[in-house]
Amino acid sequence: MQYEAPETTKAAVGLLAKAKGSAYVLAGGSDLLVRMKGGFVEPDLVVDIKRIKAMREIKKTASGFTIGAAVSCAEMNENKALIKAWPGVVEAAGLIGSKQVQSRCTVAGNLCNSSPAADSVPALVAAGAKAVIQGPKGKRKVAVEDVPVGPGKNSLKKGELIEAIELPARKGKSGDAYLRFIPRSEMDIAVVSAGVSLTLGDKGVIKDARVSLGAVAPTVLLVKAAAKAIIGTKLDEAALEKLGQAASAACKPIDDKRGTIEFRTKVAAVLAKRAAQIAYKRAGGK
Amino acid sequence: MADIHLWGALRPAAGGASVVSVNAKTIRELFRKLAEDYPGMEPHIARGVAVSIDGKIYRDDWQRELPEGAEIYLLPRIQGG
Amino acid sequence: MGVLVTTTINGDTVEFACDPHESLLDVLRNRLGLSGAKEGCGTGDCGSCSVQVDGRVVCSCLVLGVEAEGREIETVEGLSTGTELHPLQTKFLEHAALQCGVCTPGFLMAAKALLEKNPDPTEEEIRFGLAGNLCRCTGYDKIVRAVQDAAKVMRG
Amino acid sequence: MASESTTAHPFEDAPNHVTPTVVHDPILTKTDFKSVGTRPLRPDGLDKVTGRARYGADFNLPGQLVGLVLRSPHAHAKIKKIDTSKAEKLAGVKAVITAADLPDHTAGDQSMYDILENCMARGIAKYDGHAVAAVAAVDAPTARAALKLIKVDYEILPHVTDVDEAVKPNAPLVNPKMFTEGVEPKPKKASNIAKRTEFGHGDVDAGFKDADVIVERSFRTEQTHQGYIEPHACVASVSPDGTGELWVCTQGHFVYRNHCAMLLGMEVSKLRVTSSEIGGGFGGKTHVWAEPVALALSRKANRPVKLTMSRDEVFRASGPTSATSIDVRIGAKKDGTIVAADATLRFSGGPYYGMWAELGAMTAFACYDLKNVRTVGYEVLVNRPKTAAYRAPSAPMAAFAVESVVDELAHKIGMNEVDFRIKNAAKQGTRASYGPVYGPIGIGATLEAAKKHPHMKAPLGKNQGRGMACGFWFNFGGQTCTDINVGPDGSVTLTVGTVDVGGSRASLALCVAEELGVPYEQVKCIVADTGTLGHNDMTDGSRGTFSSSMAGIFAARNAITVLRERAAKMWEISVEDVKWEDGHAKAVGSKYGNLAPLSLKEIAAAAGNTGGPVAGHSEIVADGAGVSFATHIADVEVDPETGRSKIVRYTVIQDAGKAVHPTYVEGQYQGGAAQGIGWALNEEYIYGKNGRLQNPGFLDYRIPVCSDLPMIDTQILEIPNPNHPYGVRGVGETSIVPPLAAIANAMSNAFGVRMTHVPMSPPRVLKALEAAQKG
């Protein structure tokens, strides 16, 4: 195995593009090293992106936030402006693994790993985040929900890597939230999860919303019907009920060691409703 | 003669009896005579049998005497964690 | 095959050669004789191999040895100063916050990181802050108390 | 009994000479203590907080190879052929072994043969993870590559992993040579039921006819693992002259020595085993798995071999506890008297004969005074790893079933569940459901303490329920051998052969300091290797502190005899006129009024002139361990929409006999409770249809994390064990027994749902809640 730690994105892209055999990007390593340990992958090349300065920063701009691909989830949790604007996204990032894992893991890595149960992805999807992808043919931006294409599979092409995750600027009365269900209080993979981001108009009426679900389908889902159920409402009982129904209806889960179809379908509704209530409150709704 | 109480797994070897009488002064003698009189018990004794004498359980000690009139219960030689 | 790495461990400059796929844990234990960090799972689920890298607590089983280049690493072996124990070490002993002791080095390193960030944590903050460290012996009660007590000492 | 101020010992009027190794009938001789009951720092603590302590994987030998094991991916398969030739040819590979390298030396000892076969499959792989071959190579990557080059030709056989499926008439046979023991006439057909066993007394059927209320339910518990944080690890070194050394994490290095010597065909005295510090065992390190393999690899390679299990291997191929299926029926009068109790227990043992259902059957009703009781146990073979002991083995599952029914019965009668238990609790003179009559016991005392405990009266929050349950464990003693050596400066080394799993070195030093009358700091306790002491049984059955303190106290008494003799020589008086008091030799009688007492230090300094080094030795069978009872109280909060539960308050009340080091006694109570809570809520082995373990890691085998638990309150009761000089009972195991039932009862009290399947994981709880709502 060859290990490289380039100092520029360009160099990283060059290494990945040229690589013969299997090449992997190393950001936090909390997935890659586990897979290497278990013998599931045997990389020929590992490109460590943590020495690329541009990827180590969180930048606040007029159009929102740019989170470098090598920024750890712990660092996101220390950025006050980011926490203020996107509390749900930051909370989701702070739920991945332990404090030890959060010192290393990144939301870009979480996204590329493409687990349907990834904690940060539903929050990013609800937030309308975009992935900035660099590759041999230059830069492109895609909606985060378009990065994973199936469990463990992403849409990145050979030589491509995510440089940063962009979050839009927050305007007016907005709030987001992410909730996951796990049997313990910490350290588990989400059995089912939900992210909600919303913006209020006049008098506390929801004028815009995005609802996402995790661990209920091969990829994280953006559930438009669920958003529709609450747009134009003040998140009253009836709206919450409809939101729950839409969330459950969108689920296409499997039975596995972590949960059942029945359980995931039911709890998806519970979490979507609870996340919506938190987001609504954060947006200043009553 | 001492009355020896048997737990369920030993009873088939004694024709279903829950108590058998054995003329034995020590645990060692008891095991020897039980194996002679009830060959079916031999594998159990080989695997390990504990003896409760008036409620005190002896797992290992062959020399222990069986006092006159004492209540004697045989038990599996238990394992622990 | 081997990569030369220069790093700082417990304040000392250390050079070692390792294979690129080797974890920092394996390097510490097998190449540098620092066996205080333990391998309980090798997958980042138990925290027994916790060390600090550049001031942040990590599972050393999830770090490559080659990543240590130019970093500052702290292990349990560097926790005491000379013959003087770190307050966490003292309080773990006093509270009997260890039974078998195999998780203890990881707990000490995680607790140190926690208190550096939050010198006066609530019980809940301690419990969530240490959730990445598994202990199977104590039920955590005495560990939480030891950390509370050490925090008090460290605040002065 | 001791008076207030003096240290009583049986040698005050001792004859001139006492044989140093005499075994005393273990009787309670002391109830007033100076050292015992205090809370000093443990002697091994400093090494453990500085990273200096060496565990199984922390030991290395020059020229050491890395050993790795190839394991079956199939639950049940015939091994038609193993081709190791390519692996052997790989550069850096120094040895490859299969079962052929471990010939059978067990000479008809079936339990040892089972262990041998479990160490390395012999013709048939019996579970996912069963070892089939092993390699030793210069480094881990080479060893990994070599494993991949071993070709195993399997013929897959039908398998069964579920305890209830395995007892069905047409279930695949795990062992076609197994015929159920304990039934007459002897069966002609092979079965997955290895044994039927029965306990009890009275007439159960007649008893039920007298009952006003009967509750009958069936329960299931899933398989759990001890979950020790340190994986199995050893370094083995065998020389061509047939001598060997083994450094290993184990609960019993003497037992490992005996096992390994037998399985390798070595002489016991030629294999020296050193126990490392042990990173948890809880019963899971009581017999050998990888150690004979490491020794066989070392023997073949003529190099030391280090073999450590990965966490995946620990889950798949060490010894978890049984999965169970239990039916319980209890009948009571309206006044609350239980008139009949009956239980049928099916416990899985993996592919081998075990005594797990038997232990369940013995412990099930042990807390109660019952006129008519019967328990029937069935040992069930399944294609899962060989079951090993796990802290009070089999008792938690039996207690879960029985204590759930007891609770329900109390409520049906309209009695408070604590009062109902007090009314039926076993006491001194009660015939235990497993046969013998009890001596002084503490179940009643723990229940009375629970009744008075503030926890019982504390208000409950929304969606919270409170439950309680009782637990029992036998405790036992066994073979024990200790040495006391007094150094020339008067400091004392206590050498024991029981592995210290949780602070016992401190407790043992306290007992010996107490007996000698010297400060705790003057006694250093070490765990010796197998070359240094006679055989010691393992640290299991809560026997470590019980047995080794008894042997240590006797060794101290023997040392005191020697010390008195030496003082007599120094004074030129008769030994009969020398007594030992407060750590000093004192001349008895007014004629010696001018002789100042001699300290241990002074006697030790003169030892060279009075007969050589001063020592005391003791070898005993420590029988008479007192049974142990506990009562637990649990408050549980359940999220009614997700079924997720959280323990919000927990109290353990248990009899310790005498708490030698109360802090570590509390630690045992808390640790056992935490393991029981994990078992109750989330821990389980999950097997796929293919018979493979789905969750062999700490990610999906969910042991409690710090944020899952509240502080765990403890109350130590001390009802002395008359069979120990200081009244000590084992304290290590009982605390894991009540939590399953206490938590199930709490859920029932909160929501009216009777949980009958452990773990009570969120999907199961949610389903039960919804079923209850639908009525």
Side-chain angles (χ1 to χ4, degrees), chain A residues 1-7 22-51 56 70-78 91 94-106 109 182-189, chain C residues 1-5 18-26 37 39 41-71 106-107 109-114 116-118 124-134 140:
Chain A
M1 180 182 117
Q2 185 192 351
Y3 167 84
E4 297 291 343
E7 293 187 356
S22 59
Y24 289 84
V25 173
L26 172 65
S30 51
D31 287 312
L32 181 61
L33 266 72
V34 173
R35 288 198 280 156
M36 282 166 61
K37 171 97 185 173
F40 303 111
V41 298
E42 288 178 358
D44 296 306
L45 171 68
V46 163
V47 178
D48 182 352
I49 57 171
K50 286 191 296 296
R51 297 192 193 255
R56 299 279 306 117
V71 171
S72 71
C73 292
E75 287 164 324
M76 286 173 65
N77 267 280
E78 288 161 10
E91 272 171 5
L95 286 174
I96 303 169
S98 58
K99 293 280 177 262
Q100 285 88 334
V101 168
Q102 284 154 35
S103 295
R104 301 256 303 158
C105 70
T106 65
I182 55 171
R184 290 184 292 189
S185 56
E186 276 282 358
M187 297 304 289
D188 291 333
I189 302 288
Chain C
M1 184 88 170
V3 178
L4 268 180
V5 176
C18 73
D19 291 337
H21 64 262
E22 261 178 87
S23 70
L24 176 60
L25 176 63
D26 284 342
E39 178 168 321
C41 66
T43 49
D45 298 310
C46 79
S48 302
C49 65
S50 297
V51 302
Q52 286 200 4
V53 176
D54 286 349
R56 289 189 190 272
V57 64
V58 301
C59 288
S60 59
C61 73
L62 294 187
V63 179
L64 292 176
V66 288
E67 290 183 73
E69 175 66 39
R71 308 283 187 207
F107 264 100
M109 296 311 289
K112 180 171 178 267
L114 170 72
E116 278 166 359
K117 241 187 122 183
N118 182 357
E124 196 182 12
E125 285 167 341
I126 292 172
R127 288 190 178 277
F128 278 90
L130 299 177
N133 294 77
L134 296 180
Y140 304 106

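Just so we're on the same page: letters track the sequence lines, and every chain starts at 1.
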Choice from S103(A), S98(A), S72(A), S185(A) maximising heavy atom contacts with chain C below 4.5 Å |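 With the most close heavy-atom pairs to chain C, the winner is S103(A).
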Identify which part of R35(A) has an atom lying under 4.5 Å from any heavy atom of chain C, answering side chain, backbone, both or neither.
->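 The answer is neither part of R35(A).
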For L32(A), is it the side chain, the backbone, both or neither that has a heavy atom under 4.5 Å from a heavy atom of chain C?
->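 For L32(A), no heavy atom lies under 4.5 Å from chain C.
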Between V101(A), V46(A), D31(A), V34(A), the one whose heavy-atom pairs under 4.5 Å with chain C are most numerous |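 Option with the top pair count is V34(A).
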Which pairs with one or both residues in residues 58-68 of chain C pass salt bridge (Lys or Arg N to Asp or Glu O under 4.0 Å), sequence neighbours excluded?
->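 Counting only pairs at least two positions apart or across chains, the salt bridge (Lys or Arg N to Asp or Glu O under 4.0 Å) contacts touching residues 58-68 of chain C are K50(A)-E67(C), R104(A)-E67(C).
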Which answer fits L64(C), side chain, backbone, both or neither, if we ask what part of it has an atom under 4.5 Å from a heavy atom of chain A?
->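 When you check distances to chain A, atoms from both the backbone and side chain of L64(C) fall under 4.5 Å.
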Does Q2(A) reach the side chain of P20(C), with side-chain heavy atoms less than 4.5 Å apart?
->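 SC-SC contact between Q2(A) and P20(C) ruled out.
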Residues of residues 54-63 of chain C near chain A, each having a heavy atom less than 4.5 Å away |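 The stretch touches chain A at R56(C), V57(C), V58(C), C59(C), C61(C), L62(C), V63(C).
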Does CD in E124(C) sit with more than 12 non-hydrogen atoms of other residues, nucleotides or ligands closer than 6.0 Å?
->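 For E124(C), atom CD is not crowded (no more than 12 foreign heavy atoms under 6.0 Å).
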Sub-3.5 Å donor-acceptor pair from the side chain of D26(C) to the main-chain atoms of E22(C), do we have one?
->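 Checking the backbone N and O of E22(C) against the side chain of D26(C), no donor-acceptor pair under 3.5 Å is found.
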Whether Q102(A) side chain and G94(A) backbone form a donor-acceptor pair below 3.5 Å =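 Yes, Q102(A) side chain to G94(A) backbone: donor-acceptor pair under 3.5 Å.
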Results of side-chain hydrogen bond (donor to acceptor under 3.5 Å, both in side chains) for T43(C) - residues two or more places apart only =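 For T43(C), the residues satisfying side-chain hydrogen bond (donor to acceptor under 3.5 Å, both in side chains) (neighbours in sequence not counted) are D45(C).
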Evaluate the side-chain proximity of N133(C) to Q100(A): yes if any heavy-atom separation is below 4.5 Å, no if none is.
->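 A side-chain contact under 4.5 Å exists here.
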Inter-chain contacts: residues 36-44 of chain A against chain C, heavy atoms under 4.5 Å =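 Residues of residues 36-44 of chain A touching chain C at under 4.5 Å: M36(A), K37(A).
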Report yes if some heavy atom in the side chain of V47(A) is under 4.5 Å from a heavy atom in the side chain of P6(A); otherwise report no.
->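 Counting from C-beta outward, V47(A) and P6(A) do come under 4.5 Å.
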Is there a side-chain contact between V66(C) and C18(C) (heavy atoms, below 4.5 Å)?
->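 Yes, side chains in contact.
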Start with the C-alpha gap between K117(C) and E78(A), add the side-chain angles, then the distance that decides, and say whether salt bridge (charged side-chain N to carboxylate O under 4.0 Å, His left out) holds.
-> CA-CA 11 Å; K117(C) 241 187 122 183; E78(A) 288 161 10; 3.5 Å; yes
List the steps, then state whether side-chain hydrogen bond (donor to acceptor under 3.5 Å, both in side chains) holds for E125(C) with N118(C).
-> CA-CA 9 Å; E125(C) 285 167 341; N118(C) 182 357; 3.0 Å; yes
Separation between CG of L26(A) and CG of L45(A), rounded to the nearest 0.5 Å |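 Those atoms lie 10.5 Å apart.
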